[in-house]
Amino acid sequence: MRGKWTLVLAASIAATIFLPAVNAVQAQSQAALTGIVSSVAEGKMEGVVVTASRPGSIVMVSVTTDADGRYSFPRSNLQPGQYALAIRAVGYDIDTPAKATVANGKAATADIRLKKTGNLAGQLTNAEWLNSVPGTEDQKAQLLNCVSCHTLERVMRSTHDSNEWTLVLARMAGYGAVSQPIKPQRMLDRNRTRAPEEYRRLADYLATINLSAADRWSYELKTLPRPKGRDTRAIVTQYDMVRPTTEPYDVLVDKDGKVWYTDFGEMFIGKFNPKTLKL
């Protein structure tokens with residue numbers, strides 16, 4: 001729910017570099033780690049995000065597979081060492097844990113096999129939930145108020161009926177904008193929330209799209225397509241800000257490459273050095 005989302009989106013500073021096209025032979029000669037991602041269902045898979053991380057490091061580097069299912073980490077982006085590999089391909093999980101040892105010289109190789117996931121709902125982004133649930137644009141727009149504190153998965157997995165939702169919504173409206181499930185903060189001015197019955201229309205709607213009346217959703221879970229072509233030629237580096245309540249906001253990079261940000265979750269101003277990893 002929120003924990004994983006915080007690490008990837010809110011507790012990370014990401015820098016994206018778009019690379020020019022290179023041929024397969026050239027890419028492999030420049031690679032520190034490469035391999036093929038495939039599955040029984042699709043064969044070689046394009047658009048799978050592969051992430052490499054070292055135990056104890058705050059740095060995670062991600063690349064995306066090309067049309068031949070190949071991923072490639074350039075030498076400039078991976079230091080020698082042992083890496084654990086993770087993937088992002090909605091609808092799939094890694095069949096067996098994947099690891100690789102990167103050394104100077106010849107590129108390391110680690111092919112990855114995927115299997116169909118048994119928990120598609122746990123992989124959906126907020127955009128995919130909004131695309132999946134029935135309702136008007138006005139009804140769905142109200143759900144945008146939920147995602148400042150947690151993902152929509154929490155809403156869709158709930159079992160509240162309409163009456164319970166009126167109470168939940170009134171209570172949620174009483175939390176400050178910097179609240180999180182692991183750090184709730186009530187607003188001092190209790191008058192800023194409304195009476196439970198004033199949330200009835202939204203409560204009625206939420207009770208039709210969650211699990212209050214059945215043990216499974218009555219609508220199809222729709223996923224967004226994976227990247228293709230030029231969209232796969234990107235390298236993304238994420239830096240875990242360690243403190244789980246950190247939420248970098250208004251990120252700026254100065255002339256020396258230092259990253260400055262306001263910490264929406266902790267009321268700090270932070271400075272991060274991507275070269276020394278000093279925060």
Side-chain angles (χ1 to χ4, degrees), residues 1-12 14 47-49 51 60 62 86-94 114-185 199 201-227 236 238 240-241 244-249 264-265:
M1 303 226 179
R2 178 58 187 265
K4 192 171 183 179
W5 185 85
T6 301
L7 175 66
V8 176
L9 296 181
S12 302
V48 177
V49 177
T51 300
M60 294 170 286
S62 298
I87 63 97
R88 165 68 183 175
V90 65
Y92 290 90
D93 294 317
I94 283 186
L114 305 186
K115 62 181 179 180
K116 285 286 188 177
T117 185
N119 181 23
L120 179 60
Q123 296 184 344
L124 296 191
T125 63
N126 289 332
E128 288 167 324
W129 278 114
L130 286 172
N131 193 38
S132 299
V133 298
T136 66
E137 289 297 314
D138 288 340
Q139 286 174 318
K140 293 184 181 185
Q142 297 177 88
L143 298 176
L144 299 178
N145 292 326
C146 304
V147 299
S148 294
C149 300
H150 56 74
T151 70
L152 290 180
E153 182 186 358
R154 186 179 290 256
V155 176
M156 304 314 168
R157 287 192 184 274
S158 70
T159 58
H160 301 304
D161 61 21
S162 180
N163 289 331
E164 292 169 338
W165 268 123
T166 61
L167 301 176
V168 170
L169 291 168
R171 178 163 56 88
M172 291 293 101
Y175 288 110
V178 295
S179 288
Q180 301 171 11
I182 60 174
K183 192 186 69 174
Q185 297 189 86
Y199 295 96
R201 287 185 61 188
L202 177 55
D204 287 344
Y205 172 60
L206 294 179
T208 67
I209 59 176
N210 71 349
L211 297 177
S212 60
D215 60 359
R216 64 180 59 190
W217 296 282
S218 60
Y219 45 87
E220 177 188 1
L221 299 183
K222 301 176 183 178
T223 62
L224 297 175
R226 298 196 302 270
V236 177
Q238 296 173 192
D240 184 2
M241 297 289 94
T245 53
T246 295
E247 294 184 81
Y249 198 78
F264 191 75

Legend entry - Test ring-ring contact (aromatic ring centres under 6.0 Å, His included) applied to F264 - qualifying residues, sequence neighbours left out: Y249
Inset, instruction - Step by step, work out the side chain to side chain contact (heavy atoms under 4.5 Å, CB included) result for K183 and V178. - result: CA-CA 9 Å; K183 192 186 69 174; V178 295; 5.5 Å; no
Inset, instruction - Mind listing the closest non-hydrogen atom pair of H160 and V168 along with its distance? - result: NE2-CG2, 3.8 Å
Inset, instruction - Any chance you could lay out the side chain to side chain contact (heavy atoms under 4.5 Å, CB included) test for Y219 and V133, step after step, and finish with the verdict? - result: CA-CA 7 Å; Y219 45 87; V133 298; 3.6 Å; yes
Inset, instruction - To the nearest 0.5 Å, tell me how far M172 CE sits from S148 OG. - result: 13.0 Å
Legend entry - Euclidean distance, L152 CG relative to T125 OG1, rounded to 0.5 Å: 9.0 Å
Inset, instruction - Measure the shortest side-chain to side-chain distance between L114 and I94 over non-hydrogen atoms and say whether it is less than 4.5 angstrom. - result: yes
Legend entry - L206/L169 under side chain to side chain contact (heavy atoms under 4.5 Å, CB included): CA gap, chis, key distance, verdict: CA-CA 10 Å; L206 294 179; L169 291 168; 4.1 Å; yes
Legend entry - Test item: V49 and R226 side chains (from C-beta on) under 4.5 Å apart, heavy atoms: no
Inset, instruction - Can you measure from OG1 (T223) to CG (N131) and round to the nearest 0.5 angstrom? - result: 9.0 Å
Inset, instruction - Enumerate the residue pairs fulfilling salt bridge (charged side-chain N to carboxylate O under 4.0 Å, His left out) with a member in residues 202-217, sequence neighbours excluded, ordered by first and then second residue. - result: none
Inset, instruction - Please check if the side chain of S132 supplies one atom and the backbone of K222 the other of a donor-acceptor pair under 3.5 Å. - result: yes
Legend entry - Point-to-point distance, once rounded to the nearest 0.5 Å, from OH of Y92 to NZ of K116: 3.5 Å
Inset, instruction - Starting at CD of Q142, measure out to CZ of R201 and round the result to the nearest 0.5 Å. - result: 7.0 Å
Legend entry - Pairing residues for D161 by the side-chain hydrogen bond (donor to acceptor under 3.5 Å, both in side chains) criterion, not counting sequence neighbours: none
Legend entry - Heavy-atom pair of closest approach, residues W217 and M156: NE1-O, 3.0 Å
Legend entry - Residues which pass salt bridge (charged side-chain N to carboxylate O under 4.0 Å, His left out) with R88, listed by chain and number, not counting sequence neighbours: E128
Inset, instruction - State, to 0.1 Å, how close Q180 and T245 come at their nearest heavy-atom pair, and which atoms those are. - result: NE2-O, 3.2 Å
Inset, instruction - Indicate the atoms forming the closest heavy-atom contact of E153 with A121, along with that distance. - result: CD-O, 4.0 Å
Legend entry - Over all atoms of both residues, closest heavy-atom pair of I182 and P184: C-CD, 3.8 Å
Inset, instruction - Flag the pair L130 / L144 as yes when at least one side-chain heavy-atom distance between them is below 4.5 Å, and no otherwise. - result: yes
Legend entry - Heavy-atom pair with the smallest gap, counting every atom of P134 and Y205: O-OH, 2.7 Å
Legend entry - From CD1 (I209) to CG (L143), nearest 0.5 Å: 5.0 Å
Legend entry - Pairs where residues 132-148 contributes a residue and the test salt bridge (charged side-chain N to carboxylate O under 4.0 Å, His left out) is met, not counting sequence neighbours: none
Inset, instruction - Take N210 and T159, measure what side chain to side chain contact (heavy atoms under 4.5 Å, CB included) needs, and give me the verdict at the end. - result: CA-CA 6 Å; N210 71 349; T159 58; 5.6 Å; no
Inset, instruction - Identify, with sequence neighbours excluded, every residue that meets side-chain hydrogen bond (donor to acceptor under 3.5 Å, both in side chains) alongside T51. - result: S62
